[in-house]
Each structure stands twice: as C-alpha cells, then as structure tokens.
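Throughout, a chain's letter reflects where its sequence line sits, starting with A, and its residues are numbered from 1.
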Amino acid sequence: GAGVSQTPSNKVTEKGKYVELRCDPISGHTALYWYRQSLGQGPEFLIYFQGTGAADDSGLPNDRFFAVRPEGSVSTLKIQRTERGDSAVYLCASSLTGRRNQETQYFGPGTRLLVL
Amino acid sequence: DAKTTQPPSMDCAEGRAANLPCNHSTISGNEYVYWYRQIHSQGPQYIIHGLKNNETNEMASLIITEDRKSSTLILPHATLRDTAVYYCIVRAETSGSRLTFGEGTQLTVNP
C-alpha cells in the first residue's frame with residue numbers, strides 16, 4: 001500500500017515568507033508526527049497528533065511554527081516569517097494508534113526547505 | 001528517554017556481517033530498544049526493536065545484553081545498499097509519541 005507522502009519535496013523561499021508543508025499519512029493511521037532534521041543531525045521531534053488534536057507540541061521551537069490536522073488525516077506544518085535557521089528537512093511520520101510504545105513509525109521522504 | 005551512545009562511523013566489507021553497537025546504560029525496565037536507519041536523502045526506516053530477548057527479522061538481528069545496558073544490531077550479509085546512518089533509540093513507556101534520535105552511526109559498506 002501507499003506509504004507516507006510529503007509535498008513539496010523541495011521548497012525554496014526567502015527570509016520572512018510564509019510556507020506550508022503537507023503530509024499525507026498512511027491510510028487508517030490515527031497518529032501523525034512531524035520532525036525536523038538539520039544537516040548532519042538526527043531528526044528532532046516537533047509535534048504529535050492523535051486524530052485531529054495535537055497531543056504533544058512541546059518540540060515546536062517557537063510560535064512561528066504551527067501545525068494542523070483538521071480531519072484527522074492530512075496535516076500541514078506552517079512556518080511564518082521564515083528565517084535562514086529554519087532551513088532543514090522536515091519529516092512526517094505516522095503510526096497506527098500512537099498509544100503504544102511498541103508501535104512502529106513510518107516516515108515519509110521529507111520536504112527539504114531552504115530559506116534564502 | 002534513556003540516552004544512547006553509538007560510534008560515529010563504521011566500515012564493513014560487502015558480504016560480511018555488520019555489527020553495530022549501542023550503549024544505553026541508563027535504560028529502565030519497560031523501555032524498548034529500537035533501530036532505524038536512514039539512507040541518504042530518504043526518511044528513516046524501521047529495522048527492528050526489542051525489550052529483553054534477542055530478536056530477528058528479515059532485515060537484521062538484535063542482540064540485547066542480559067543487563068540491557070547495551071545492544072548490537074547485526075546485518076548478517078551487508079550489501080552496498082545497507083550503507084546508511086543507523087540510529088539506536090530507547091523509547092520510554094510514557095512517550096508513546098516521540099522518537100528521540102541521536103547522531104547515529106554512519107555505516108559504509110565497501111565493495
């Protein structure tokens with residue numbers, strides 16, 4: 001079946017602009033996660049959705065970052081007033097329920113964001 | 001989540017076994033050990049996980065020491081396509097959500 005998909009695959013923007021990154025999880029997965037990966041580092045957790053609600057947003061770096069999942073499926077990560085330091089790969093993952101620590105997270109290919 | 005320590009890089013000859021170590025000396029009783037890998041320009045890929053017993057699947061074997069303070073991921077017959085960064089992650093029972101990645105081990109399989 002289809003895996004996690006993310007669009008766009010690459011995004012170049014200018015400092016100060018607004019960007020939206022989209023994630024389509026695996027069908028039927030209620031848990032959705034966003035991570036950010038800087039060059040040479042492992043992914044860092046940003047936010048976790050259980051259905052439509054954000055169950056844990058403690059990884060969002062500041063209030064310029066916001067994410068939604070209005071129908072419990074597709075999620076959008078929104079970044080306002082982008083800064084050069086926001087340049088990174090933004091990864092999305094999904095899992096079946098998110099309620100058990102044995103559950104596997106399946107990752108998408110990521111969106112490579114470059115802020116000039 | 002318990003902190004993990006991995007060597008930054010390792011090399012392996014194609015066709016040989018690759019043994020990737022991970023130290024997690026502060027692991028607690030209900031924390032699982034997970035391994036993911038990330039091939040260049042792709043998202044992380046789940047490999048295997050375990051609690052106490054050794055585990056094996058079609059991709060790899062996971063050996064966890066009796067005191068659970070360290071583990072080894074074994075790729076029995078490494079191929080060039082196994083070149084990737086391998087992450088060892090300890091996942092707390094109460095953090096069913098996030099995965100906490102370290103910097104991982106860059107495994108290079110050489111022809």
For [X] against [Y], the heavy-atom pair lying closest together:
X       : Y        : answer
A:Leu91 : B:Gly43  : CD2-CA, 3.9 Å
B:Arg91 : A:Glu103 : NH1-O, 2.7 Å
B:Ser41 : A:Arg112 : O-NH2, 2.7 Å

Practice prompt. Could you tell me whether the side chain of B:Tyr87 and the main chain of A:Pro43 form a donor-acceptor pair under 3.5 Å?
Written response: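 Not a single qualifying donor-acceptor pair exists.
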Discussion item. Are more than 12 heavy atoms, taken from residues, nucleotides or ligands other than A:Leu39, located less than 6.0 Å from that residue's CG atom?
Written reply: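 Counting neighbours around CG of A:Leu39, 12 or fewer heavy atoms of other residues, nucleotides or ligands fall under 6.0 Å, so no.
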Worksheet item: Looking at OG1 of A:Thr104 and CD1 of B:Ile47, how far apart are the two atoms once the value is rounded to the nearest 0.5 Å?
Response: 11.5 Å
Please check if [X] and [Y] belong to a single hydrophobic cluster, counting links between Ile, Leu, Val, Met, Phe, Trp and Tyr side chain heavy atoms closer than 4.5 Å.
X        : Y        : answer
A:Tyr90  : A:Leu60  : yes
A:Phe66  : A:Val19  : no
A:Leu46  : A:Leu113 : yes
A:Phe107 : B:Tyr34  : yes
B:Tyr32  : B:Ile89  : yes

Worksheet item: Side chain, backbone, both or neither: which part of B:Gln38 has an atom under 4.5 Å from a heavy atom of chain A?
Response: side chain
Discussion item. So for A:Gln37, is it side chain, backbone, both, or neither that comes closer than 4.5 Å to the heavy atoms of chain B?
Written reply: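 Answer is side chain: those atoms of A:Gln37 sit under 4.5 Å from chain B.
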Discussion item. Side chains of B:Leu99 and A:Tyr35, heavy atoms from C-beta outward: is any pair under 4.5 Å?
Written reply: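 With C-beta onward as the side chain, the pair touches.
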